[in-house]
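Inspection log for the structure reproduced underneath, given as structure tokens.
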Amino acid sequence: MTTLPEVPATTGKDFIRALIEQDLATGRKGNTLHTRFPPEPNGYLHLGHAKSICLNFGVAKEYNGLCNLRFDDTNPLKESQEYVDSIREDVQWLGFDWADREYYASDYFETLYALAEKLIGMGKAYVDSLTAEEIRAYRGNLTVPGKESPYRTRSVEENLDLFRRMRAGEFADGQHVLRAKIDMASPNLVMRDPALYRIRRTTHHRTGDTWCIYPMYDYTHCISDSLEGITHSFCTLEFVNNRALYDWVLETLDLYRSEQTEFARLSITRTVLSKRKLIQLVEEGHVKGWDDPRMPTLSGMRRRGVPPEALRDFCARIGISRAENEVEFSMLEFCIREALNHTAPRGMAVLDPIKVVVENYPEDQEEWFDLPLAPDAPEKGVRRVPFSRELYIERDDFMEIPAKKFHRLAPGQEVRLRCAYYITCKDVQKDAQGNITALICTYDPESRGGGTPDNRKVKGTLHWVSARHAKPVEVRLYDHLFLQDNPEDVEEGKTFLDVLNPDSLRVVTGYTDASILGMTPGERVQFERIGYFCVDKDSTDGTMVLNRTATLKDTWAKIVAKS
RNA sequence: AGGGGUGUAGCCAAGUUGGUAAGGCACCGGGUUUUGGUCCCGUCAUCCGAGGGUUCGAGUCCUUCCGCCCCUGCCA
């Protein structure tokens, strides 16, 4: 028997997985894949990060490699422990584990500093004393090459002395900066003597006041990757230009060559994902916090009731490529429903009640019906729901003058109450203003359980709640935060805030049976014919609060919309 | 304008030595159904940003052009 060389089946895979398989097959980067997820702790993680997390941790898992969690904490002005904590929680919640490989760029400050001195010694870095404005002016622009700083020719000794004194705190913020000596005429602006270190007298959330100089991203990231033995360093497309510097630093310093590969960042219709805009939504009070269920943050979606597997599935479905993209929100919605359909137990609740009086049902009688928790898996058991003479059904499940194809309740029409009885509407009661106050119906005792001996068909099945047993709950109905697909696409003088959806949150009182009250925060339920809901942490002993995670697909609404 | 990236259906996205356009979402049509949910089946690119060329044959090779995105932080 002959063993043919393994030909990596790269077809159908995204370009990153194809790259990995090839590298693993050729041994070009060794035999163990090592990636990292490198967030800056300056905000909460959102859907865009989920794509990166699923990529980095995902490929590590698929190819038997490792993925580190590394905080890119080089700018103490914007970073804080609060963000570190939320990030750790969110990555874990998404379902990934970094074991003991939790690193911080700040762990490498001492090494980074030593390597900077080495660069100076090699004549590859110098201390510049130009002001920030001057540096900007000297940089030139897209078409005009930059000019060299007059301080570019300082001796190694002078540079070393100055740099050490920068560290020692002898200078004011902004007085000096350490720059790489590369090429002020490079067509790639990133290579025009980029800053490596700046002076910043700010307390760092981890290193405290140990340092008053902090390394820049471009210098820190590649070295951190290298020190951790990262084989593949994935980042988004806006860093393509920075790759030249990433490679320059590692090559010049003769360090292990981690390799950067870029992919397109995620954008989704009806939402914004830029950190700046997300912060603005929170700070200006357009939402109630980072974990507001309308936010595209992982904490927001978690609170909304979105299961982590839905997000992982979503990331798998959208794929990875280098083309700019804007994924339709419906794709996410599909993944959420798909995950919830299999896992959320069923229940019944009426959100906009109208009373039904079953006039031939004994006033003092009550009975209990079994509602399957999972219609497609009867073995999962049932929910016992009480039935009595007076019930609530949904207001829009009744039409006095039924529209075409409307097969719910209407005068003279018979419908099924889910798992209970068939009822027929006999009369409509109204108040002085003409508002419907109650529907007088009769039931067919033969239809107990929702079917009849004569196998008579009814066209509609309605959800219901026994009025006497109904428990009020606060229901928060969420809708898109923005009115248009692309919230950034606004006319001159307007911003994304001008297209905020004023009805993104509607709070109503819903009615359900007592079994629902036993649920605890985070628990999910599908209210049949309405949608998926999740118990909110705002729930108290007195009132339960439910967040609507997603509606069910509504074919009837579509028919109505068309006519 | 200099450098870089990218263009396959409404959206995402496969397509790796050139051989005659995967899959998913959405949409539309039909079936099943005690959720107008789920599930099932079917339709949906004579065409791959545009033009020219090479070839028996091109989304794939060559060439010209066009669109969109990124880069002028002591942010990441």
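Letters go in sequence order (proteins before strands), and every chain restarts at 1.
Spacing between B:G29 and B:C65 at atom P, rounded to whole Å, works out to 47 Å. B:U60 and B:A50 are spaced 10 Å apart, taking the P atom of each and rounding to whole Å. B:C70 and B:G59 are spaced 32 Å apart, taking the P atom of each and rounding to whole Å. A distance of about 39 Å separates the P atoms of B:U64 and B:G24, rounded to the whole Å. Rounded to whole Å, the C1' atom of B:G18 lies 15 Å from the corresponding atom of B:G53. Between the P atoms of B:A13 and B:C28, the separation comes to 24 Å (whole Å). Across B:A76 and B:U8, the matching P atoms stand 34 Å from one another, rounded to whole Å. Rounded to whole Å, the C1' atom of B:U16 lies 44 Å from the corresponding atom of B:U32.
The side chain of A:Y217 lies closest to B:A76 when the candidates are B:C28, B:C75, B:A76. With B:C71, B:C74, B:G37 as the choices, the nucleotide that has an atom nearest any side-chain atom of A:V177 turns out to be B:C74. For A:L552, taking side-chain heavy atoms from C-beta onward, the closest of the listed nucleotides B:G3, B:C12, B:G37 is B:G37. In the set B:A1, B:C25, B:C70, the nucleotide with an atom closest to the side chain of A:F334 is B:C25. With distances taken from any side-chain atom of A:R200 to the nucleotides B:G36, B:C74, B:A76, the minimum falls on B:C74. When distances run from any side-chain atom of A:D14 to the nucleotides B:A14, B:C12, B:C74, the shortest one goes to B:A14. With distances taken from any side-chain atom of A:N242 to the nucleotides B:A76, B:C74, B:G3, the minimum falls on B:A76. In the set B:C25, B:U6, B:A1, B:A1 carries the atom at the smallest distance from any side-chain atom of A:T143. Side-chain proximity of A:R408 to the nucleotides B:U38, B:G36, B:C71 is greatest for B:G36.
Residue contacts shown for A:Q526 include a base, since a base heavy atom lies under 4.0 Å away. Within the nucleic acid shown, A:L142 comes within 4.0 Å of at least one base atom, counting heavy atoms only. Within the 4.0 angstrom heavy-atom criterion, no nucleotide atom of any strand lies near A:I213. Using a 4.0 Å heavy-atom distance criterion, A:P375 is classed as a base contact. At the heavy-atom level, A:H463 lies nowhere under 4.0 Å from the strands shown. If you check every strand for non-hydrogen atoms under 4.0 Å, A:F527 touches nothing. Looking at heavy-atom distances under 4.0 Å, A:M216 makes contact with sugar-phosphate atoms alone, never a base. At the heavy-atom level, A:T131 lies under 4.0 Å from base atoms of the strands shown. Backbone-only contact: A:I320 has heavy atoms under 4.0 Å from sugar-phosphate atoms and none from a base.
Between the side chain of A:E328 and the base of B:G10 there is at least one donor-acceptor pair of N/O atoms closer than 3.5 Å.
Glycosidic conformation of B:G73: syn, with the torsion inside 90° of 0.
Both tests do not hold together for A:R337 against A:Y532: distance to the six-membered ring centre under 6.0 Å, angle to the ring axis within 45°.
The side chain of A:R529 places an N or O atom within less than 4.0 Å of a non-bridging phosphate oxygen (OP1 or OP2) of B:G36. The side chain of A:S330 contributes no N or O atom lying less than 4.0 Å from OP1 or OP2 of B:C11.
For A:F239 and B:G3, the CZ to C1' distance is 18 Å, given to the nearest whole Å. Whole-Å rounding puts the A:R322 CZ to B:U8 P distance at 15 Å. Distance, A:R418 CZ to B:U38 C1': 11 Å, rounded to whole Å.
The distance between the ring centers of A:Y217 and A:F239 falls below 6.0 angstrom. Between A:Y197 and A:H176, the gap from one ring centroid to the other reaches at least 6.0 Å.
Under the salt bridge (Lys or Arg N to Asp or Glu O under 4.0 Å) rule, A:E414 has a single partner from A:R456, A:K459, A:K457, which is A:R456.
Classification of A:R384 and A:D513 as a salt-bridged pair fails, no side-chain N sitting under 4.0 Å from a carboxylate O.
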